[in-house]
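Heavy-atom basis, side chains included; hydrogens, waters and symmetry copies ignored. As the structure is a prediction and not an experimental result, all values here were calculated from the model.
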Amino acid sequence: MIQTAEIAAITDAMIRLLVGTPLRSDGQLTIKSLAQEAGLKRNKLTHKHTGLKDLFYALVRMQDTRPKVVDDLKRTNDERQHKLTRLRAERDRLRTDVQHLVRVVHVLEVENQQLREAADSDGVVRVLPVQHRPSIS
């Protein structure tokens, strides 16, 4: 009776892996994933149920495409890699901008301090008259 339950678990796991809907494994078409999907130790397939192992390998060879879950994972991974590359470039650009702004603020602070020191003794900075430019018509 235990052997019947193992056989049922293995065949159910085969079906899930071959159609690309794994529940307990990474979805790869390997004996390791099949054992994990069936909830059994790997040696049950390599020593006890060798016929089912051979059947699984034959069915895998007959498939000409990868399982849907593998394609979905690859596409998701590719999208995330692309997004990560974009975000890293943006981060680097923002770091450069921040460094530039820090330098600008420092220069402005120095200039402001120099203006305060150069101001009259009352500490008031005088606004210079604005020169009007002739407009070009």
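Between Gly27 and Pro22, the shortest heavy-atom contact is CA-CG, 3.7 Å. Minimum interatomic distance between Leu34 and Ile10 (heavy atoms only, all atoms of both residues): CD1-O, 3.8 Å. The minimum heavy-atom distance between Thr30 and Phe56, with the atom names listed, is O-CE2, 3.7 Å. In this structure, Thr46 and Lys53 approach most closely via the heavy-atom pair CA-CD, 4.3 Å.
Around CZ of Arg80, the count of heavy atoms belonging to other residues, nucleotides or ligands within 6.0 Å does not exceed 12.
Legend: residues meeting salt bridge (Lys or Arg N to Asp or Glu O under 4.0 Å) with Arg75, ordered by chain and number and at least two apart, are Asp72. In terms of the side chain to side chain contact (heavy atoms under 4.5 Å, CB included) criterion, residue partners of Asp78 (sequence neighbours excluded) are, by chain and number, Lys74. Shown here are the side chain to side chain contact (heavy atoms under 4.5 Å, CB included) partners of Val105, two or more places apart in sequence or in another chain: Glu109. Partners of Asp97 under the salt bridge (Lys or Arg N to Asp or Glu O under 4.0 Å) rule, at least two apart in sequence or in another chain, are Arg93. Qualifying side chain to side chain donor-acceptor pair (under 3.5 Å) partners for Gln99, counting only residues two or more places apart in sequence or in other chains: none. Residues meeting the side chain to side chain contact (heavy atoms under 4.5 Å, CB included) test with Ala35, sequence neighbours left out: Arg42, Leu45. Every residue meeting the side chain to side chain contact (heavy atoms under 4.5 Å, CB included) condition with Val110, not counting sequence neighbours, appears here in chain and number order: His106, Gln114.
Rounding to the nearest 0.5 Å gives a distance of 11.5 Å between CD of Gln36 and CG of Leu23. Interatomic distance, His82 NE2 to Arg86 CZ, rounded to the nearest 0.5 Å: 4.5 Å. Note that the CG atom of Leu40 and the NZ atom of Lys48 stand 9.0 Å from one another [nearest 0.5 Å]. Note that the CE atom of Met14 and the CG atom of Leu52 stand 4.5 Å from one another [nearest 0.5 Å]. Atom CG in Leu59 sits 11.0 Å away from atom CG in Asp54 (nearest 0.5 Å).
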Can Asn77 and Gln81 be said to form a side chain to side chain contact (heavy atoms under 4.5 Å, CB included), step by step? CA-CA 6 Å; Asn77 189 45; Gln81 287 289 11; 4.2 Å; yes
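Screening residues 14-26 for side chain to side chain donor-acceptor pair (under 3.5 Å) gives Arg16-Glu37, Ser25-Glu37, Asp26-Ser33 as the qualifying pairs, with residues at least two apart or on separate chains.
Using a 4.5 Å heavy-atom threshold, the side chains of Leu29 and Tyr57 count as separate. Leu84 is listed as a side-chain neighbour of Arg88, based on a closest heavy-atom distance under 4.5 Å.
Alongside Leu108, the hydrophobic cluster contains Val104 (criterion: ILVMFWY side chains under 4.5 Å). Leu94 forms part of no hydrophobic cluster, judged by ILVMFWY side-chain heavy-atom separations under 4.5 Å.
Transitive grouping of hydrophobic side chains (ILVMFWY, heavy atoms separated by less than 4.5 Å) keeps Ile15 and Ile31 in distinct clusters.
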